[in-house]
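The structure under discussion appears below in the form of structure tokens.
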There are 2 protein chains.
Amino acid sequence: MARPREFDTTEVLSKAMDYFWKYGYEGASMQELVKHVGIKAQSLYNTYGGKRDLFFAALKHYVNQSTAVHTLEHTSSGKEAIARVFRDLLADLARSDRTRGCFINNTCVELAPHDSEIADFIEKERIRLERAYYLALARAKEQGEINERYQDLMALARYLNNAQGGLMVTAKTVTDMTVLEDIVGVTLSIFD
Amino acid sequence: MARPREFDTTEVLSKAMDYFWKYGYEGASMQELVKHVGIKAQSLYNTYGGKRDLFFAALKHYVNQSTAVHTLEHTSSGKEAIARVFRDLLADLARSDRTRGCFINNTCVELAPHDSEIADFIEKERIRLERAYYLALARAKEQGEINERYQDLMALARYLNNAQGGLMVTAKTVTDMTVLEDIVGVTLSIFD
DNA sequence: TTTATTTTTTAATGATTGTTCAATAATATG
DNA sequence: CATATTATTGAACAATCATTAAAAAATAAA
């Protein structure tokens with residue numbers, strides 16, 4: 001009935017995500033982003049709406065392709081699941097560009113204070129990760145992997161979530177991987 | 001010899017800090033900032049230089065008026081010094097606007113990847129705080145306040161610094177203070 | 001009081017911002 | 001093939017951006 005789209009929707013979204021992830025919302029200009037994603041401005045506005053809509057879509061795309069929750073849910077040992085999340089994080093930080101940080105955290109810092117809808121989305125993501133940590137901790141407890149002096153598993157989950165978020169911010173300026181390894185080492189020492 | 005300045009230099013700088021702290025660098029417009037600080041644009045440019053110069057000056061002003069390092073250095077008990085830093089942090093978060101977060105952390109997220117001079121400044125600040133934590137931990141160790149299974153005091157200092165940074169990011173979306181209290185509780189439980 | 005120097009004021013600068021207009025091109029269905 | 005519908009193209013839009021030009025105002029020293 002009509003002319004078909006010539007680009008892959010999620011491919012362009014992924015490129016837009018890369019750009020916003022690197023430059024943030026205010027730091028990104030649509031004219032530069034247009035060059036980066038490889039389609040013309042009008043096509044972009046037709047398919048995704050305005051800048052904020054595209055940004056929000058990119059943010060949702062980010063959480064869909066992130067792996068922490070999946071790792072926490074699909075590793076049988078609770079303690080090992082948590083350790084693996086942090087191990088994977090360190091491996092990523094050693095491999096890729098550390099300065100990009102976590103897109104969710106970046107957005108939390110930049111936009112959450114000025115966009116309540118995005119703030120709500122981020123808070124729900126935080127709770128989703130918190131729950132995943134909690135369930136892994138509950139499994140760990142059943143398996144006798146939790147030191148008895150820690151009774152409040154929800155507090156532990158929040159603590160781990162916080163450490164993870166902190167790590168992605170700390171990694172933005174730190175060049176020495178030892179710093180990040182030290183942080184993870186002590187963070188996970190509560191299991192010893 | 002010449003016409004005297006009609007405004008207080010550090011007073012205006014403090015107002016500029018408030019504005020940049022709230023809106024970030026890219027999110028802040030000079031025309032709005034001018035209204036907020038109460039002097040005309042030309043006076044602003046005469047005294048502080050361009051937008052980035054003013055922002056950098058505001059950031060330096062922020063670290064000069066921050067209290068964590070001072071608290072760590074001027075509390076005799078090392079353990080108590082560290083506990084007090086986190087207690088003060090929680091009190092601040094309960095009292096004032098949580099969404100502002102920490103100006104250094106905000107800037108670390110927004111600008112560190114694109115401005116190496118600012119990244120260097122932030123990294124030096126991180127190291128300064130890390131050292132303050134380390135010295136407090138060394139005092140704590142002398143006073144027998146450190147569990148013997150923790151030998152690497154620098155790793156502990158980095159861990160505490162990371163938890164503090166994470167807390168300021170987490171606080172941006174969290175409305176329930178219990179979450180933040182849980183985080184601090186578990187973070188400091190390594191001393192038990 | 002005159003002069004030299006600097007601040008303040010008002011208005012404007014060119015560049016860049018996000019977004020859209022108008023025209024052309026490409027498809028599916030009738 | 002003709003038509004309806006949507007995608008792409010290239011140029012343009014008003015608004016806002018950081019910054020500054022030019023003139024008036026205020027002071028200290030001569």
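Chain letters run A, B, ... following the sequence lines, proteins first, then strands; residues in each count from 1.
- Relative to the ring axis of B:F55, B:K51 does not place its NZ or CZ within 45° and under 6.0 Å from the centre.
- Atom CZ in B:R52 sits roughly 18 Å away from atom C1' in D:dC17 (whole-Å rounding).
- The aromatic rings of B:H74 and B:H70 sit parallel, their planes meeting at an angle under 30°, below the 60° perpendicular limit.
- In the model, A:Y133 has a side-chain atom that pairs as donor or acceptor with a side-chain atom of A:Q164 under 3.5 Å.
- Separating the CD atom of B:E26 from the P atom of C:dG18 is a distance of 10 Å, rounded to the nearest angstrom.
- For the pair B:D53 CG and D:dT19 C1', the computed distance is 12 Å after rounding to whole Å.
- The distance from atom NZ of A:K35 to atom P of C:dG18 is 12 Å, rounded to the nearest whole Å.
- Hydrophobic clustering places B:Y159 together with B:L188 (ILVMFWY residues linked when any side-chain heavy atoms are closer than 4.5 Å, directly or through intermediates).
- Between B:S29 and the phosphate of D:dC17, there is a side-chain N or O to OP1/OP2 separation shorter than 4.0 Å.
- Place B:G49 and B:A2 on DNA chain D by their nearest nucleotides, and B:G49 ends up nearer the 5' end.
- Following rounding to the nearest Å, A:E32 (CD) and C:dT17 (P) show an atom-to-atom distance of 7 Å.
- Electrostatic pairing of B:K22 and B:D97 does not count as a salt bridge here, judged by no charged N lying under 4.0 Å from a carboxylate O.
- As rounded to whole Å, 17 Å separates atom P of C:dA26 from atom CZ of A:R5.
- Qualifying ring pair (Phe, Tyr, Trp, His ring centres under 6.0 Å) partners for B:Y62, counting only residues two or more places apart in sequence or in other chains: B:W21, B:F103.
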Strictly under 3.5 Å: I want the nitrogen or oxygen pairs between protein and nucleotides 9-11 of chain D, one per line.
from	atom 1	to	atom 2	distance (Å)
D:dG10	OP2	A:K40	NZ	2.9

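- Among the nucleotides C:dT8, D:dT19, C:dT20, the one closest to any side-chain atom of A:Y45 is C:dT20.
- One atom, CG of B:L44, and another, C1' of D:dC17, lie 15 Å apart when rounded to the nearest Å.
- Each of B:P4 and A:G50 was assigned the nucleotide of DNA chain C with the nearest heavy atom; the assignment lying further toward the 5' end belongs to B:P4.
- With D:dT8, D:dA18, C:dT19 as the choices, the nucleotide that has an atom nearest any side-chain atom of B:Q31 turns out to be D:dA18.
- With respect to the salt-bridge test (charged N to carboxylate O, under 4.0 angstrom), the residues A:R139 and A:E80 do not qualify.
- Rounded to an integer number of Å, the gap from A:N46 CG to C:dA22 P is 15 Å.
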